[in-house]
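Below is one structure, written out as C-alpha cells; comments come after it.
Only heavy atoms go into these numbers, but all of them, side chains included; no hydrogens, no water, no symmetry mates. Just follow the structure's listing: the first ligand is 1, and inside any ligand the first atom is 1. For clarity, every value in this text was computed on a predicted model and none was experimentally measured. For the single chain, residues carry numbers from 1 onward in sequence order.
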Amino acid sequence: MFKVPPVPAQRLPALLRAMPKAELHIHIEGSLEPEMIFALAQRNGVQLPYASVEALRSAYAFTDLQSFLDIYYAGASVLLHEQDFYDLGRAYLARAAMDNVAHAELFFDPQTHTARGVAMETVVGGLHRACVEARAELGISSALILCFLRHLSEEDAFATLAEAEPHLARIDGFGLDSSEKGNPPSKFERVFARCRALGKPVVAHAGEEGPPEYIGQALDLLGSARIDHGVRALEDAGLVARLVREGVPLTVCPLSNIRLCVFKTMADHTLGQLLAQGVKVTLNSDDPAYFGGYMNDNIRAVQAAFHFDAATWYRLARNSFEASFASDAEKSGWIARLDACVAAG
Ligand code: ADE
Ligand code: ZN
C-alpha cells in the first residue's frame, strides 16, 4: 500500500482540491441549480410558483428529508425533453470535473418524470449523451444508476423496471431513494431480486433518517453493494462491526446531513467515528444545488470541522475509487493518479 508522505497543513487545501476522487452519491436532479430551473421553465413554458431565482433559493430552508423532497420534485418538473436531461447532466459533469472528480455514478429518478408523461428513453437518452460527451471532452468517467422512489408502490417500481429493460445497456445499476421513514427496504425485496437477476449491481439509501435496521435490510434483503448515507449505523455496534468486517462502503453526504437536520453541526457528524472504527466511508454531495455545495465544498466543510491528516484524506479518496462500480483496470489507473498526486504533495 502507498505510504502517504507528511503534507504541511498549509499545502493540504490545495492537495484536497487537486486530488482525483470519485463521486458515488449524486442525484442528478439535485444538481438542478435555481438558474437552470428558471431557464428551463422559460424554454419549456412551465409556470413556476416563485417570482425569481432569489425567491426560489430562499425557499431552500429544510427541516427534514420530506421538506426537501417536496421542493426537489417540484424543481424537477421543468425537465421535459431529451435536451433538458442532456443539459442537466453535462452541467453537473463539467462542475464535477472542476473539482477533479475523475468518475461519477449518477442517480436518476425516472418515476418523477414518467409520471408527468416523459418517456424513459428521453431521460436515459439525454443523460447518457451527456456522459458520453463529457468523457470525450473533459475526460470524466461516469455511470448511471436508476433509483426507485420508495414512497411509491412495489407495483410502480416493477412497471418502471419493465420500462427500463430496453435501455439496460445504458443503465449501470439500480438504487432506492426518496422518503425513508415508513418505507423499509423490505418493500422492494422482489424488485431488487429482479434487478440483480438482470446482472446489475444495486445500492440503497438507508440509515439517513431511518433506523439502523433498514441498513441491515438493505444488505440482507436487497443485496446492496453500498449503503447510501448509513450514518445512523453508529447506533448499533454490531452493525458497525459487520460493515467493517464485510467492507461495506457508505456513501456519506456531509453537507446534505446538516441541511436536512440529520446532525445539528458538522462537528456532530458521525463520519469521523465511522472512519476511526474502520468503516469504508466515502464523501459525496447528494443534491449539491440544494445543499450548498459540490464535492470539494463538502471536503472543505469536513476539513474545517475535523482537521483530518493527509493519510485520512488519501484513505477517503481511495475508498471512493475502490467502492465504485468501475472495472479493476479503471480503479487501478485512478488510484495510481491519486498516489502520484499525493506523493507530489
Ligand atoms: N432523493 C434526493 N436526495 C435524497 C436524499 N438525500 N435521501 C433520499 N432521497 C433523495
Ligand atoms: Zn441521496
Specify side chain, backbone, both or neither for Y72, according to which of its non-hydrogen atoms lie closer than 4.0 Å to ligand 1.
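Under 4.0 Å from ligand 1, Y72 contributes side-chain atoms alone.
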If you measure from each non-hydrogen atom of D228 to ligand 1, which part falls under 4.0 Å: side chain, backbone, both or neither?
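Under 4.0 Å from ligand 1, D228 contributes no heavy atoms.
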Within 45° of the axis and under 6.0 Å from the centre of the six-membered ring of F291, does NZ or CZ of R259 qualify?
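R259 over F291 ring: no.
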Looking at F85, does the NZ or CZ of R129 lie under 6.0 angstrom from its six-membered ring centre and within 45 degrees of the ring axis?
no
May I ask you to decide whether [X] forms a salt bridge with [Y], counting only side-chain N to carboxylate O separations under 4.0 Å?
X	Y	result
E213	R232	no
K331	E322	no
E330	R135	yes
D297	R300	yes

Is the backbone N or O of T312 less than 3.5 Å from a side-chain atom of D309, with the two atoms forming a donor-acceptor pair by type?
yes
Please identify which atoms of ligand 1 are closer than 4.0 Å to at least one heavy atom of [X].
X	value
H229	6 (N)
E208	5 (C), 6 (N), 7 (N), 8 (C)
F68	2 (C), 3 (N)
L69	1 (N), 10 (C)

I need the nearest protein heavy-atom contact for [atom]: residue, atom name and distance, please.
atom	result
atom 3 (N) of ligand 1	D287 OD2, 2.7 Å
atom 6 (N) of ligand 1	D286 OD2, 2.7 Å
atom 4 (C) of ligand 1	H27 NE2, 3.6 Å

Is there any N or O on S178 that sits under 3.5 Å from an N or O of ligand 1?
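The answer is yes, given that S178 and ligand 1 share an N or O pair closer than 3.5 Å.
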For D109, is at least one N or O under 3.5 Å away from an N or O on ligand 1?
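Among all N and O atoms of D109, none is under 3.5 Å from an N or O of ligand 1.
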Indicate the atoms forming the closest heavy-atom contact of H205 with D286, along with that distance.
NE2-OD1, 4.4 Å
Side chains of E82 and T122: any donor to acceptor distance under 3.5 Å?
no
Return yes if a side-chain donor-acceptor contact under 3.5 Å exists between S285 and E23, otherwise no.
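A donor-acceptor contact under 3.5 Å links the two side chains.
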Suppose we only count N/O/S atoms under 2.8 Å; would C253 qualify as near the Zn ion (ligand 2)?
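No, since none of the N, O or S atoms of C253 sits under 2.8 Å from the Zn ion (ligand 2).
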Is H25 close enough that one of its N/O/S atoms sits under 2.8 Å from the Zn ion (ligand 2)?
yes
With the Zn ion (ligand 2) as the point of reference, which N/O/S atom of H27 is the closest?
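Output for this pair reads NE2.
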What N, O or S atom of D286 is found closest to the Zn ion (ligand 2)?
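The closest N, O or S atom of D286 to the Zn ion (ligand 2) is OD1.
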